[in-house]
Every structure is written in structure tokens, then in C-alpha cells.
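To start, the structure itself, in C-alpha cells.
Every chain is numbered from 1 and lettered A, B, ... according to where its sequence line falls, protein lines coming before strand lines.
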Protein chains: 2
Amino acid sequence: MFKPITIKDIAQALELSPSTVSRALSDSYEINEETKKRILEYAEKHNYRRNPIASSLRQGRSYSIGVIVCEVANSFFSQAIDGIESVAYGKGYHVIISQSHDSYEREVVNIQHLANRAVDGLLISMSAETKDFSHIINLHDQGLPIVFFDRIIDTFDTHTVTTNNREGAKKATQSLIDRGFKKIAHLANAPHLSITSERLEGYEEALRQNGIALEESLIRYCHHGGRIQQEVEEAVRYFLALPEKPEAIFVASDRLSMGCLSAYNNLAPKDRHPAVAGFSNSDVLDLLQSDFTCVHQPAFEMGRMAMELLIQLIESKYPVYDFDNVVLETELISR
Amino acid sequence: MFKPITIKDIAQALELSPSTVSRALSDSYEINEETKKRILEYAEKHNYRRNPIASSLRQGRSYSIGVIVCEVANSFFSQAIDGIESVAYGKGYHVIISQSHDSYEREVVNIQHLANRAVDGLLISMSAETKDFSHIINLHDQGLPIVFFDRIIDTFDTHTVTTNNREGAKKATQSLIDRGFKKIAHLANAPHLSITSERLEGYEEALRQNGIALEESLIRYCHHGGRIQQEVEEAVRYFLALPEKPEAIFVASDRLSMGCLSAYNNLAPKDRHPAVAGFSNSDVLDLLQSDFTCVHQPAFEMGRMAMELLIQLIESKYPVYDFDNVVLETELISR
DNA sequence: TACGCAATCGATACCGGTATCGATTGCGAC
DNA sequence: GTCGCAATCGATACCGGTATCGATTGCGTA
């Protein structure tokens with residue numbers, strides 16, 4: 001088995017002390033430029049690599065952060081992750097990605113796992129199923145820096161990055177109204193998600209401003225965020241069974257849009273489907289249906305910003321009590 | 001700042017030695033059941049968590065493995081990752097996901113990063129751009145266990161998990177032939193990928209067996225795997241400019257299929273598009289075009305298997321010289 | 001009685017960096 | 001001449017577990 005070269009090996013070879021080598025390798029001002037050069041050259045030549053494990057142990061920091069999202073196979077989150085990584089790599093942090101699959105249990109396990117792996121901080125977007133936040137509160141109480149993005153909770157104060165969900169939902173709904181639809185249903189995400197209530201508000205506001213009565217019967221929730229296709233089909237089946245079928249649907253998310261369209265294809269293949277507008281960051285969905293209007297979130301930017309705020313928390317020398325709640329604007333893309 | 005409880009704290013509190021506590025916590029047979037119970041209870045009560053960093057340092061193992069794929073926003077890879085995780089978590093391993101975005105440089109950086117983070121092994125699916133394998137060979141020579149899946153290289157011997165690309169490509173092409181098409185183009189991935197040549201073979205074989213002459217002019221490669229939409233558009237533009245336009249296209253991958261369909265929509269919105277068949281694990285693409293026939297790979301199973309083989313390598317007490325090259329079958333899904 | 005051995009637990013070095021405290025040298029200033 | 005201080009480097013403890021080697025006790029057996 002290959003045994004990598006250590007700082008002590010270098011020290012011995014150059015007749016220096018380990019501390020000198022360590023300092024030289026981290027470019028300390030205490031070390032003579034000449035010696036520094038010797039050490040760096042030797043290290044380079046012998047392909048020395050710092051052992052981050054040992055380093056972490058001593059420094060009490062791992063220079064890695066954890067990200068928990070429901071799933072990476074989702075355009076919004078994969079774009080957000082790209083944004084996160086773009087900042088992280090630049091600042092020397094490593095990103096560990098974890099998926100909750102919108103399941104409460106997996107969220108708990110994974111967050112625990114990440115905390116155990118001694119991450120320096122967490123970027124969290126809540127799972128759809130989660131109603132109890134104690135697993136997160138505990139870590140926060142223990143001093144672990146946490147930043148929420150997209151799906152946030154307000155149980156305690158910290159940085160958050162979201163989009164203007166209310167306004168986005170309003171714009172999407174308005175676009176459907178502008179196209180002449182009056183009977184507009186809403187296919188919503190899990191009720192306890194922050195984005196769900198905000199988007200619902202926007203939907204309601206658009207209806208109200210256009211003098212359209214809100215019908216509770218036109219709102220359907222998906223408690224697992226569409227993770228189970230069956231729940232989406234149930235909603236669609238419900239819509240199809242209504243005496244007056246909705247002419248259009250405002251769908252809360254990407255995944256739900258796909259599930260919804262797929263369900264309509266399966267359940268009523270020959271029928272004319274209602275028009276659909278909704279939140280989406282997919283670059284595929286636009287191929288799907290020419291009349292699909294979507295609200296696009298600046299996912300990359302959100303990831304970037306969340307990561308920057310997290311690093312700010314991590315590297316702050318003093319406890320932070322002043323938190324940012326960034327809200328970015330959405331973009332309506334219609335065809 | 002919160003200071004977590006350590007093994008030494010427990011030892012002191014219970015008037016035992018750290019080694020006894022350590023052994024009790026790992027359920028060693030050397031420790032009396034009674035003492036074990038005392039220790040476990042105390043640890044539980046005081047919410048003790050083992051410090052994996054310290055543990056890794058001493059044991060020379062991190063119980064984490066690295067995965068490098070081109071991107072997670074890809075159904076095939078996200079499904080494979082799910083498979084990987086399903087095995088990993090069960091065996092106490094943590095999965096660190098890294099994206100190459102089909103770029104050679106990012107692949108090198110990320111693999112280096114993972115190796116630095118002292119992963120116990122790597123699961124690699126090669127980037128489309130990569131032609132030089134020395135960064136991987138180096139790590140392998142240093143004894144790092146590596147298993148390739150999907151996009152493999154044969155520069156050195158190790159476990160690999162792939163699908164029967166030749167057969168899958170053949171089936172897809174055959175399905176187009178069965179539908180009466182004779183002029184069938186092939187939109188291929190980067191030429192140096194293993195999957196590219198294998199799928200090309202299947203395409204050629206299907207043509208040959210049906211007495212259709214192979215026309216080199218109908219084969220277009222995307223050197224960046226479709227990462228740059230421009231290259232796909234270029235290929236489509238090429239197809240559109242041919243004196244005899246292809247009636248159908250066999251597309252090598254998911255991403256290329258999307259890019260291809262999108263390009264046709266943009267470049268020739270009013271034209272009737274050629275029929276498309278190709279490799280895909282997307283659950284969206286089937287919504288797209290009713291006549292899209294796809295070859296589905298058992299991605300989850302591939303991930304599962306690759307992870308199991310990797311663990312086998314990692315936990316083997318003796319050097320392994322006998323390697324498995326698993327080839328799973330594809331499934332043709334037509335409508 | 002003495003010896004072997006299993007059961008149980010302790011002391012300590014060690015994993016590879018790094019923070020801390022100190023030592024040495026040289027030189028300008030008083 | 002001595003003092004102060006900057007520059008440069010060394011020795012060592014320490015981070016938190018864990019592998020290694022030993023020590024002790026008790027009991028069965030020759």
C-alpha cells in the first residue's frame with residue numbers, strides 16, 4: 001500500500017522542524033523566503049498533499065459545508081448547487097450534497113450525518129414532509145451556522161435566501177387571467193412549506209385583483225411534493241371529476257408540473273388539457289407544451305448568495321445577531 | 001461556542017480509561033457487559049457523538065466514498081446516485097458527490113479534491129472531454145480503489161459496471177427501421193467515450209442486418225456531450241442542410257435528445273421533425289413526443305452494483321486481481 | 001501449588017498537522 | 001555595552017479516537 005509523504009518526512013529530509021514546514025506550506029510570514037522556497041520545491045517534487053483530516057482535527061474546522069435539498073434531479077436545485085459550488089470552490093470550501101427526497105426521516109438522518117462529518121455549516125432547503133424542526137434547532141443551538149434557501153423556516157433567526165414567491169405566483173396567475181381564463185385551479189405543494197403559503201397568497205391576490213372569486217375547491221395540495229405520482233394523479237382525477245372543470249391550472253413547482261401533465265396524458269389522453277402556468281426552472285418543460293408559461297427563479301444566484309452568507313457566518317469572529325433575509329425577483333417566461 | 005463531549009470526558013466521569021470507553025462504544029467483546037451498559041447509557045444521556053475526523057485520522061479510513069459524474073441534473077445519473085446511496089448508507093459509508101460538467105479540468109480538480117478529502121474509494125463516470133487519464137491512473141497506482149460505471153476506461157484493470165450499449169443502440173435503431181425509416185442519422189456523444197463507440201457499433205449493426213448502407217455523413221459527434229447547446233444546433237443545422245434529410249435519428253443520450261429536439265424547434269419550427277429514438281432515463285421526455293422511443297438503462301441497479309463492488313475492493317484484506325465487468329441489459333420503451 | 005488462560009481493563013503511543021511558547025541571532029538605538 | 005525588537009526557526013503539546021502492549025484477577029487443571 002502506498003504511503004503518502006508527510007510534513008515530518010519533509011522536515012527530516014530538509015533538516016527542519018515540522019512546525020517550520022507547516023508554516024512554510026501555509027505561506028507564513030515567519031518563514032524566510034529562501035527556506036520557504038526550498039520546502040515548497042521539495043514538497044512539489046515529492047508530490048506532497050496536506051492531509052485534510054489531520055488538519056481538520058487540529059483546527060476544529062473541516063472547510064466543508066453540507067447542502068440538503070429534496071433532490072438533485074431537479075433543475076432548480078441543481079442550478080442552485082452550481083451556484084453554491086461556484087462560491088465554495090473559490091473560497092476553498094468543499095460541498096457535500098445530501099438528498100432528503102422530501103422525506104422527513106431522510107432529512108433527519110442526513111443532517112445528522114453531515115453534522116457528524118463535522119461540516120462547518122449547513123445550507124438547507126426544507127423537505128416537504130417536515131413539520132418538526134427540532135433536529136435543526138438542536139444543531140443551531142450548538143452553534144452550527146445554518147442558512148436556509150428557498151424552503152425556509154422561521155423558528156429561529158438566521159440568514160435566508162428566497163424568491164418573491166407571492167409576486168411570482170401572482171404573475172403566473174395573472175398571465176392565465178390575461179389569456180382569458182377565469183376558472184383557474186391551483187395545484188399546490190405540501191401545506192407546511194414556506195413557499196406553499198407564499199405562492200398561494202400570490203394566486204389569491206391575482207384572482208382578487210381581477211374580481212374572480214376564490215374557490216377553495218379548486219385548490220389541491222400534494223403533501224409529498226409530488227414525490228408520489230399517485231397524489232398528483234389523485235388531484236388531477238379530482239379536477240377531471242369536477243362539474244365545471246378548470247380551464248387553467250397554476251402549478252406550484254417543476255415536479256408537480258411534470259406530474260400534472262403526465263397525469264392528464266394518462267387519465268384523459270384525448271381531452272384538451274387545461275392551460276398550465278407555474279414555477280419551473282426546467283429547460284425541458286418549455287419543449288413540452290408551447291402554452292406553458294413559467295415563473296423562473298434565479299436559482300444559481302440564490303445558491304451563490306446563500307453560500308456567501310454561510311461563509312460570512314462561518315468566518316465571523318463574533319457571534320452574528322443581524323441577519324439578512326434576501327428576496328430575489330422571479331422572471332416570467334411566456335411564449 | 002458549544003464544546004461536544006469526548007471519550008475522555010466519559011472516561012473521567014465513569015472513572016475508566018479512554019480505551020475502555022472507546023472499545024465499549026464499538027461494542028468490543030473485551031468489555032464486560034455491565035460496564036458496556038454503563039458507558040452506553042452515559043454516552044446516550046450526554047448525547048455523545050463520535051468524532052469521525054479523529055476516527056478517520058487514526059484508522060486511516062474515512063468511511064466516505066467519492067462519486068464523480070458529469071452532472072446530477074440528469075436522470076440517469078441521479079438515479080444511479082440513488083442506487084449508490086442505498087448501498088452506501090446501509091454499510092455506513094457516506095457519499096460525496098462531485099460534478100465534472102463534462103469538463104476535463106473540473107474532473108481533474110474534483111478528483112484531486114476528493115482524493116485529498118481522503119475518500120476510501122471512487123466511483124467514476126468519465127467526463128466527455130477527458131482524453132488524458134493520468135490523474136486517475138496516479139491515484140489508482142497509489143492504491144485507491146476505483147470502480148467505473150457507465151462511461152469507463154480500459155487503461156487499467158478494475159471493476160466496471162455498464163449496460164449493454166451495443167445491444168441497446170441496436171434495439172433503438174431497429175425500432176426506427178421497423179417503423180419504416182431507412183435514412184437514419186446518428187447523433188453521437190464525444191468520440192473518446194466508451195459508450196459512444198459501443199452505441200455506434202449497435203447502430204451500425206442494426207443497419208447492416210437490415211441491408212441498409214451505412215452513411216458516414218449521417219453521423220455527427222458532440223464533443224462536449226451536448227454541454228454546449230451550440231454544438232447540438234450545429235449538428236441539427238447540418239442535418240437540415242443535407243440534400244436528403246434524415247427521416248429519423250438515433251440519439252446517444254438524454255441530454256442530446258433534449259438539445260436535439262429543442263434545436264429542431266428553434267431552427268425549423270414549422271417542419272415535420274424526424275422521428276427520434278435514443279438512450280434516455282428521463283421521465284419527462286416521454287411526455288414530449290409521443291413517438292419518442294427510448295432505451296432505458298437500469299441506472300439505480302448500476303449504482304447499487306458499482307457501490308457494492310467498490311465496498312468489496314475497499315474492505316478486501318488482500319489485493320484484488322480478479323475484476324468483474326458487469327454488463328446489465330437495457331430496456332426498450334416504445335409507445 | 002503452580003501454571004495456563006480467559007476475561008477485563010489501563011497506559012500510552014500514534015495518526016498528521018498546527019497552535020503555543022520559546023530560543024537564537026542580528027542589528028539599530030540609547 | 002545593553003536593551004529592545006524583528007526575523008527566523010525549534011520543541012512540544014494537543015486535537016479525539018484507537019491500536020498496541022501490558023497488567024490484573026480469577027479459576028480450572030496438572
Side-chain angles (χ1 to χ4, degrees), chain A residues 1-40 42-43 46-64 92 115-120 142 317, chain B residues 1-40 42-43 46-64 92 115-120 142 317:
Chain A
M1 194 50 130
F2 183 83
K3 186 102 172 34
I5 182 176
T6 76
I7 259 188
K8 283 161 190 167
D9 297 332
I10 301 182
Q12 200 156 25
L14 300 183
E15 293 184 317
L16 290 166
S17 85
S19 39
T20 304
V21 177
S22 172
R23 275 182 283 227
L25 290 173
S26 46
D27 201 28
S28 160
Y29 69 96
E30 286 183 288
I31 305 298
N32 184 293
E33 286 303 326
E34 185 57 34
T35 344
K36 222 183 261 183
K37 220 181 79 189
R38 275 176 61 216
I39 294 175
L40 289 183
Y42 187 92
H46 292 76
N47 201 30
Y48 167 80
R49 318 239 146 249
R50 181 200 311 256
N51 181 330
I53 301 283
S55 199
S56 293
L57 181 58
R58 180 68 240 238
Q59 298 191 126
R61 301 199 34 190
S62 62
Y63 282 97
S64 68
N116 271 14
R117 291 292 309 168
V119 291
D120 295 340
Q142 291 173 21
K317 294 196 173 45
Chain B
M1 194 52 132
F2 183 82
K3 185 100 172 42
I5 182 176
T6 77
I7 259 187
K8 281 161 190 166
D9 296 332
I10 301 182
Q12 201 156 24
L14 300 183
E15 293 184 317
L16 289 167
S17 85
S19 38
T20 303
V21 177
S22 172
R23 276 183 282 230
L25 290 173
S26 47
D27 201 27
S28 161
Y29 69 96
E30 285 182 289
I31 305 298
N32 184 294
E33 286 302 327
E34 185 57 35
T35 354
K36 222 182 264 185
K37 220 180 80 192
R38 275 177 61 217
I39 295 175
L40 288 183
Y42 187 92
H46 291 75
N47 201 30
Y48 167 79
R49 316 237 146 251
R50 180 200 312 255
N51 182 329
I53 300 283
S55 199
S56 292
L57 181 57
R58 179 67 240 235
Q59 296 191 121
R61 303 199 33 190
S62 63
Y63 282 97
S64 68
N116 271 16
R117 291 293 308 168
V119 292
D120 294 341
Q142 290 173 20
K317 295 196 173 47

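- Between A:Glu33 and B:Ala54, it is A:Glu33 whose nearest contact on DNA chain D lies nearer the 5' terminus.
- Surrounding CD of B:Gln12 are at most 12 heavy atoms belonging to other residues, nucleotides or ligands under 6.0 Å away.
- Judged by distance alone, with hydrogens and angles left aside, A:Glu30 brings a side-chain donor or acceptor within reach of the base of D:dC9, the pair sitting under 3.5 Å.
- At distances below 3.5 Å, at least one donor-acceptor pair connects side-chain atoms of B:Ser56 with backbone N or O atoms of B:Pro52.
- If you take CZ of A:Arg50 and P of C:dG17, they are 8 Å apart, rounded to a whole angstrom.
- For the segment residues 7-18 of chain A, residues with any heavy atom less than 4.0 angstrom from an atom of DNA chain D are, sorted by number, A:Glu15, A:Leu16, A:Ser17.
- Heavy atoms of A:Thr35 sit under 4.0 angstrom from primed sugar atoms or phosphate atoms, though from no base atom.
- Rounded to a whole Å, the CZ atom of A:Arg61 is 14 Å from the C1' atom of C:dT18.
- Here the P atom of nucleotide D:dC15 and the CZ atom of A:Arg58 are 7 Å apart, to the nearest Å.
- Base pairing annotation: C:dC21 forms a Watson-Crick or G-U wobble pair with D:dG10, both donor-acceptor distances under 3.5 Å.
- In the set C:dG16, D:dC9, D:dG16, the nucleotide with an atom closest to the side chain of A:Lys3 is C:dG16.
- Remark: P of D:dA19 and CD1 of B:Ile31 are 13 Å apart, rounded to the nearest angstrom.
- Checking the phosphate oxygens (OP1, OP2) of D:dG17, a side-chain nitrogen or oxygen of B:Tyr48 falls inside 4.0 Å.
- The distance from atom CG of A:Asn51 to atom P of C:dC15 is 12 Å, rounded to the nearest whole Å.
- Distances shorter than 4.0 Å separate some side-chain N or O of B:Ser55 from OP1 or OP2 on D:dT18.
- One N or O on the side chain of A:Arg38 and one on the backbone of A:Leu14 form a donor-acceptor pair closer than 3.5 Å.
- As a whole-Å value, the separation of B:Arg23 CZ from C:dT8 C1' is 9 Å.
- One N or O donor and one acceptor, one from the side chain of A:Ser19 and one from the base of D:dA11, sit under 3.5 Å apart.
- For B:Gln59, a side-chain nitrogen or oxygen approaches OP1 or OP2 of D:dA19 to under 4.0 Å.
- Remark: A:Ser22 is not in phosphate contact with C:dG16, judged by side-chain N or O atoms under 4.0 Å from OP1 or OP2.
- Regarding B:Tyr29, its OH atom lies at a distance of 10 Å from the P atom of C:dA6, rounded to whole Å.
- Distance B:Asn32 CG to C:dC9 P: 5 Å, rounded to the nearest Å.
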